[in-house]
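Shown next, in structure tokens, is the structure this report addresses.
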Amino acid sequence: RTLSEEELNRYLQQLSIELISNNVAVETCDAILSNIRDQLLGSKVKRFLNVEEYLRSLVKDAIIGILKEDISYPRIESLISEKLKSSPGEPFIILFLGVNGVGKTTTIAKLANYLRKRGYKVLLSCSDTFRAGAIEQLSIHAQRLNIPIIKGEYGADPASVAFNAIEHAKARGFNVVLIDTAGRMHTDRNLLEEMKKIKRVAKPDLTVLVLDALTGNDAIYQADIFDKEVGFDAFIVAKCDADDKGGILISLIYTFKKPILFIGIGQSYDDIEVFTPDHFVKKILE
Amino acid sequence: HLSKAIRNIIDKVSRSRIVDKQLLNSIIIDLQRALLMSDVNVNTVLQISENIREKFEKSKLPEGIDKRKYILKLIYDELINLLGGEYSEELKIQTGKTNIFMFVGIQGSGKTTTVGKVAYMLKKRGLKVGIVCADTFRPAALQQLRQLVKEYNIPVYGEEGGEDAVKIALNGIEHFRKQGVDVILIDTSGRHKEEKGLLEEMKKLASAVNPTEIILVIDASIGQQAYSQAKAFHEATPIGSIIVTKLDGTAKGGGCLSAVAATGARIKYIGTGERIWDLEKFNPPSFVRRITG
Ligand SMILES: Nc1nc2c(ncn2[C@@H]2O[C@H](COP(=O)(O)OP(=O)(O)OP(=O)(O)O)[C@@H](O)[C@H]2O)c(=O)[nH]1
Ligand SMILES: Nc1nc2c(ncn2[C@@H]2O[C@H](COP(=O)(O)OP(=O)(O)OP(=O)(O)O)[C@@H](O)[C@H]2O)c(=O)[nH]1
Ligand SMILES: [Mg+2]
Ligand SMILES: [Mg+2]
């Protein structure tokens with residue numbers, strides 16, 4: 001029989017409610033479902049097909065496609081090793097940015113621990129010279145993890161702290177430098193300029209945008225402006241333990257086609273997980 | 001995008017002499033999409049749609065009534081209704097007693113910064129304010145609070161290295177009661193609805209402290225989880241007021257409608273920046289204008 005437009009719309013409407021309730025961005029949801037709609041409109045289906053189940057399986061395939069087609073998920077170890085091989089004596093520099101409170105500082109501590117456990121010599125650069133308690137916060141993490149840290153005074157130029165850290169790293173043979181920065185709104189011109197300067201000075205090998213898993217459609221605007229103004233290479237999404245549905249992960253990869261390297265799943269140092277699309281798809285479609 | 005949607009709606013209505021069922025449906029679809037992009041909860045969006053459809057169909061509009069204005073009014077009324085009304089409401093400070101406000105919310109929502117802002121606001125009004133740091137988890141939480149209010153001479157009570165939030169809170173309250181302060185603000189650790197142990201701790205803290213009111217601090221950019229997260233907080237410790245932070249970004253704040261719906265509390269203030277004076281009274285009509293572009 002032929003799938004009627006009315007029947008198709010009814011089921012797609014139900015699926016869009018489900019996807020959006022799971023925090024998939026509206027435009028991503030539209031794209032997934034309109035694709036399916038185009039495929040199926042007026043097409044012939046088996047006489048006794050369970051249309052709802054069939055559509056659901058098409059949505060699963062679409063999500064898998066989004067997460068896996070023409071996008072590679074590099075392991076951070078291989079990115080670092082590549083650099084260490086090609087430019088001996090040069091540390092692998094990672095710059096972290098994102099809006100206020102998403103989890104940058106905590107993520108850096110977790111990643112420092114992750115890398116140190118795998119034998120890398122990690123140096124922290126506290127380039128948040130603005131927020132109250134920022135320097136003490138990262139310093140406490142550094143102390144607990146026994147990882148060296150370069151910091152400046154409150155009010156110092158964040159780019160110069162990063163510069164000092166990188167010079168120190170080169171002189172002392174550190175493999176990795178992690179640069180923490182102050183949270184900033186993508187709407188603040190001055191802070192965007194400040195970040196561009198930090199990036200110009202630090203010349204990072206990897207720029208990571210950190211996002212909060214609970215964020216709604218605004219995550220797309222944040223990432224869009226940060227990419228246009230500063231440019232970033234990959235995502236880390238923190239607080240995924242607060243939202244187990246993880247719709248935001250689909251929206252980010254669909255919209256920007258950049259990899260999610262890690263997800264944060266808690267407040268302890270071990271609560272960081274390599275993001276693997278297969279594992280995620282299994283979980284989101286239970 | 002909602003302003004684009006409203007414009008679409010206006011265009012559609014003005015191009016037709018009558019607003020028939022089909023036009024109404026397409027208008028509602030435009031509206032739904034825009035509200036969802038502003039992070040309004042899916043169920044709320046469906047509810048608003050039903051209410052508008054019902055009112056519009058029931059309405060015996062007299063001749064000459066501008067249908068456009070009527071539909072816009074229906075949308076406006078629905079959203080204002082969800083916020084509890086058009087009026088602004090502030091924190092109630094009772095004179096002659098020690099008012100205790102406990103701040104709770106998800107990790108990173110802006111509690112600590114907001115405690116500083118509220119302290120500053122109340123001090124400017126001539127009240128004696130004390131801050132208690134009952135966050136025993138976050139590294140340098142106490143230093144963060146102290147640095148935030150240092151130049152404004154607002155006392156902060158905390159116990160460096162302390163591990164018992166309840167004990168610290170009670171010590172802090174006693175310390176400030178002795179000084180005869182009017183208002184005590186208590187900062188707590190961030191937590192979310194899956195962290196059952198932390199929700200339990202918050203419950204214990206609230207029952208030990210017995211605050212005048214518990215204030216939920218929520219990030220304006222929160223998505224579809226807003227309702228269930230706020231509900232979990234409310235079921236653990238009844239929320240009296242809401243403060244929405246980071247409205248200086250691009251977030252429309254639709255999730256905050258859900259926080260109101262889940263707690264029955266009203267939004268009293270909004271955070272519009274990182275500085276201690278970046279706190280404003282909540283104004284429902286301008287918030288609705290923000291959600292509707
Ligand atoms: N549950 C949970 N909490 C997290 C996670 N990542 C970070 N947090 C918490 O989120 C809060 C904010 O984390 P920070 O690391 O200070 O965030 P930030 O982006 O550096 O904040 P600013 O520097 O102020 O912009 C802290 O309470 C962290 O413990 C996570 O994956 N899960
Ligand atoms: N731009 C902007 N930033 C804000 C606002 N309110 C808070 N912040 C920032 O958001 C970040 C997190 O604020 P905190 O006060 O540390 O949040 P918190 O809820 O106490 O975090 P935890 O204690 O870790 O749960 C900081 O960088 C603040 O400066 C606001 O209204 N606008
Ligand atoms: Mg930080
Ligand atoms: Mg705090």
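Each chain gets a letter, A, B and so on, in the order the sequences are listed, and its residues count up from 1.
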Heavy-atom pairs under 4.5 Å with chain B are the metric here; pick the option from [options] that has the most.
{"options": "A:Gly266, A:Ala242, A:Gly133", "result": "A:Ala242"}
{"options": "A:Ala132, A:Gly103, A:Gly101", "result": "A:Ala132"}
{"options": "A:Cys29, A:Gly183, A:Ala213, A:Gly216", "result": "A:Gly216"}

Please indicate whether [X] has more than 12 foreign heavy atoms, meaning atoms of other residues, nucleotides or ligands, lying under 6.0 Å from its [atom1].
{"X": "A:Arg144", "atom1": "CZ", "answer": "yes"}
{"X": "B:Lys231", "atom1": "NZ", "answer": "no"}
{"X": "A:Asn146", "atom1": "CG", "answer": "no"}
{"X": "B:Lys204", "atom1": "NZ", "answer": "no"}
{"X": "A:Lys151", "atom1": "NZ", "answer": "no"}

Listed by residue number, which members of [range] have a heavy atom under 4.5 Å from any heavy atom of chain A?
{"range": "residues 223-230 of chain B", "value": "B:Gly223, B:Gln224, B:Gln225, B:Gln229"}
{"range": "residues 104-117 of chain B", "value": "B:Ile106, B:Gln107, B:Gly108"}
{"range": "residues 155-164 of chain B", "value": "none"}

Using the side chain to side chain contact (heavy atoms under 4.5 Å, CB included) rule, pick out the option among A:Asp218, A:Ile220, A:Val26 that qualifies with B:Met37.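 Between B:Met37 and the candidates, side chain to side chain contact (heavy atoms under 4.5 Å, CB included) is satisfied uniquely by A:Val26.
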Can you tell me which of B:Gly273, B:Gly255, B:Ala141, B:Ser221 forms the most heavy-atom pairs within a distance under 4.5 Å of chain A?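 Of B:Gly273, B:Gly255, B:Ala141, B:Ser221, B:Ser221 has the most heavy-atom pairs under 4.5 Å with chain A.
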Against chain A, work out which of B:Pro139, B:Gly254, B:Ala220 has the most heavy-atom pairs shorter than 4.5 Å and name it.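 It is B:Pro139.
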Grab the two heavy atoms, one from [X] and one from [Y], that are nearest each other, plus how far apart they are.
{"X": "A:Ser21", "Y": "B:Val42", "result": "OG-CG2, 3.7 Å"}
{"X": "A:Asn217", "Y": "B:Asp39", "result": "N-OD1, 2.8 Å"}
{"X": "A:Thr187", "Y": "B:Gly249", "result": "OG1-CA, 3.9 Å"}

Relative to chain A, which segment of B:Arg146 carries a heavy atom at a distance below 4.5 Å: side chain, backbone, both, or neither?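 For B:Arg146, no heavy atom lies under 4.5 Å from chain A.
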Atom group of B:Ile29 that falls short of 4.5 Å from chain A, counting heavy atoms: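 Neither part.
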Quick check: do A:Ile17 and B:Leu46 have side-chain heavy atoms less than 4.5 Å from each other? yes
With a 4.5 Å cut-off on side-chain heavy atoms, are B:Glu274 and A:Met185 touching? no
How many angstroms lie between atom CG of B:Asp219 and atom OG1 of A:Thr215, to the nearest 0.5 angstrom?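 Atom-to-atom, B:Asp219:CG and A:Thr215:OG1 are 6.5 Å apart.
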Looking at CD of A:Gln267 and CG of B:Leu198, how far apart are the two atoms once the value is rounded to the nearest 0.5 Å?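 One finds 7.0 Å between CD of A:Gln267 and CG of B:Leu198.
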Going by atom types only, do B:Gln147 and A:Glu136 share a side-chain donor-acceptor pair under 3.5 Å? yes
Short side-chain donor-acceptor distance under 3.5 Å, A:Asp241 and B:His192: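 Side-chain D/A pair, B:His192 to A:Asp241: present.
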The criterion is ring-ring contact (aromatic ring centres under 6.0 Å, His included); which residues satisfy it with B:Tyr120, sequence neighbours excluded? B:Tyr152
Between B:Arg33 and A:Asp30, does any NZ, NE, NH1 or NH2 come within less than 4.0 Å of an OD or OE carboxylate oxygen?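 Yes, this pair counts.
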